[in-house]
There are 2 protein chains.
Amino acid sequence: MPRKRSLTTDQLAAAALAVVDRDGLAVLTMRTVAQELNMGTMSLYRYVTDREQLERLVVELVLGGVDFTVPDLPTWQERIAELCERIRLAVQAHPAMVPLLLVHRHASPGVRRSGEAMLSVLAGAGFAGERRVIAFRALVSYLIGALQAEGLGPLSGAGTDVLATLGEQYPYLAETAVSARGVTPQREFGEGLALLLRGLTP
Amino acid sequence: MPRKRSLTTDQLAAAALAVVDRDGLAVLTMRTVAQELNMGTMSLYRYVTDREQLERLVVELVLGGVDFTVPDLPTWQERIAELCERIRLAVQAHPAMVPLLLVHRHASPGVRRSGEAMLSVLAGAGFAGERRVIAFRALVSYLIGALQAEGLGPLSGAGTDVLATLGEQYPYLAETAVSARGVTPQREFGEGLALLLRGLTP
DNA sequence: ACCTGAACACCGTTCAAGT
DNA sequence: ACCTGAACACCGTTCAAGT
């Protein structure tokens, strides 16, 4: 245990997140973070053993702001949806870091807390054994996929305009891309999740 | 158009995929691929403008083997499920490259062909307008999330044993991890998708 | 015409030295 | 005790040169 540090790990994480938010994940580097803090590059290794650990700190910072207490809502579907929406909101503010959520999804306390909260809702709803496993994994898969899709560029964004151009080769893709223009990321996320929840039964 | 090349792009992609399969995505490097082919590093730039393009070739190689003709099955749900399962099978053989699918999901013809096939099934089932957008995106989100989850380590793998240890802090996570041991990746993928399909109505 | 080595501007990290 | 510069083994890529 070292004595006195000029930095908290939160400040370090905040600096890293600032770099990612401003310049993207590709620019996240021990050197760029050190610069952000006006320190020597090697000073970061006082706080972090690894670049990997620095990334994990970013994940924790983003997920740390999320309230994972189970919301007091009438149905379990609404409780799950609200938990997912809280996560979406926290992540949406930092779209560039979404890939880090996936890479570190095993080692992160924040990810675990979120899983525990979702599982407690499922268990309370009567999901047990392998049924619970399947339901949980389906929800997590959807959540991860949807967050990533949103982060990498919504269907209503620039990529969609390109797709709308490819009418000859991909008629359905083009047609669907046009319809997608009216769908906000929040609706897309929420209504997609609602579809999955509709199929879930304990 | 250059005249004579000692390599096809398929051979180049195969060499890159071999490196990824053997040593992981982190080792994929212009230098390692060149070594795999017994060429100078810079020779790769005869075939590829970029490291990014090399990665795209890998994506195309994996997705190129997938049959995206709509299967002749009784219900549209079965048709979607079969298309998804074909993708899962192709990708499963090369779990380390899954992140590439996501990074290049916009620029890849293979990804587009898969989207076109799924959309044609949805359209045939009566999905139109924004309903089709939501359904399609939900399916893609699930697919991406599930493939990634499988690639990064199934719930029934080593990570699960660790989770089962954390009983005090995360009781539900621990309990669910134990139940997860009996669930194969294929069942997890298929039954999770079935849940989503159950919630889908045109 | 096709291929490639040297060189440049970057990485993460070790290690020995500064204050 | 805390911090850091030099150095090492790597990257992707430019460019001029080899055959």
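All values below come from the heavy atoms of this structure, side chains included, with hydrogens, waters and symmetry mates left out. A, B, ... follow the sequence lines: proteins, then strands. Residue 1 opens every chain.
- Rounded to whole Å, atom C1' of D:dT13 lies 14 Å from atom CD of B:Glu52.
- With hydrogens and angles disregarded, no donor-acceptor distance shorter than 3.5 Å links the side chain of A:Gln148 to the backbone of B:Gly145.
- Nearest to the side-chain atoms of A:Met39 among the listed nucleotides C:dG12, C:dC3, D:dT4 stands D:dT4.
- Spacing between atom CG of B:Leu28 and atom C1' of D:dC10 amounts to 15 Å, rounded to whole angstrom units.
- With C:dT14, C:dG12, D:dT13 as the choices, the nucleotide that has an atom nearest any side-chain atom of A:Met30 turns out to be C:dG12.
- The interatomic distance linking B:Leu37 (CG) with C:dC3 (C1') rounds to 13 Å, in whole Å.
- Taking the charged nitrogens against the carboxylate oxygens, A:Glu116 and A:Arg112 have no contact shorter than 4.0 Å, which rules out a salt bridge.
- Comparing C:dC2, C:dT13, C:dG5 against the side chain of B:Arg46 picks out C:dC2 as the nearest.
- Note: CG (A:Asp50) to C1' (C:dG12) measures 9 Å, nearest angstrom.
- Checked against C:dG12, D:dC11, D:dT13, the side chain of A:Thr29 finds its nearest nucleotide in C:dG12.
- In this structure, of D:dC3, D:dC11, C:dT4, it is D:dC11 that holds the atom nearest to the side chain of B:Arg31.
- Per the geometry, CZ belonging to A:Arg51 stands 15 Å off P belonging to D:dC11, to the nearest Å.
- As the counterpart of D:dC3, no nucleotide is assigned, since no Watson-Crick or G-U wobble pattern has both distances under 3.5 Å.
- The separation between A:Met42 atom CE and C:dG12 atom C1' is 8 Å, rounded to whole Å.
- Judged purely by distance below 3.5 Å, without hydrogens or angles, the side chains of A:Thr75 and A:Glu78 pair a donor atom with an acceptor atom.
- Looking at B:Arg137 and A:Glu191, no side-chain N of the basic residue comes within less than 4.0 Å of a carboxylate O on the acidic one, giving no salt bridge.
- Base pairing of C:dA17: no nucleotide in any strand meets the Watson-Crick or G-U wobble criterion (both distances under 3.5 Å).
- A residue-by-residue look at B:Thr49 and A:Thr41 shows that A:Thr41 has its nearest nucleotide of DNA chain D further toward the 5' end.
- The side chain of B:Tyr45 contributes no N or O atom lying less than 4.0 Å from OP1 or OP2 of C:dT4.
- In this structure, A:Arg88 is positioned above the aromatic face of A:Phe189, its NZ or CZ under 6.0 Å from the six-membered ring centre and within 45° of the axis.
- The separation between A:Leu7 atom CG and D:dT4 atom P is 10 Å, rounded to whole Å.
- Rounded to whole angstrom, the span from the CD atom of A:Gln35 across to the C1' atom of C:dC10 amounts to 13 Å.
- Across all strands shown, D:dA9 forms no Watson-Crick or G-U wobble pair with both key distances under 3.5 Å.
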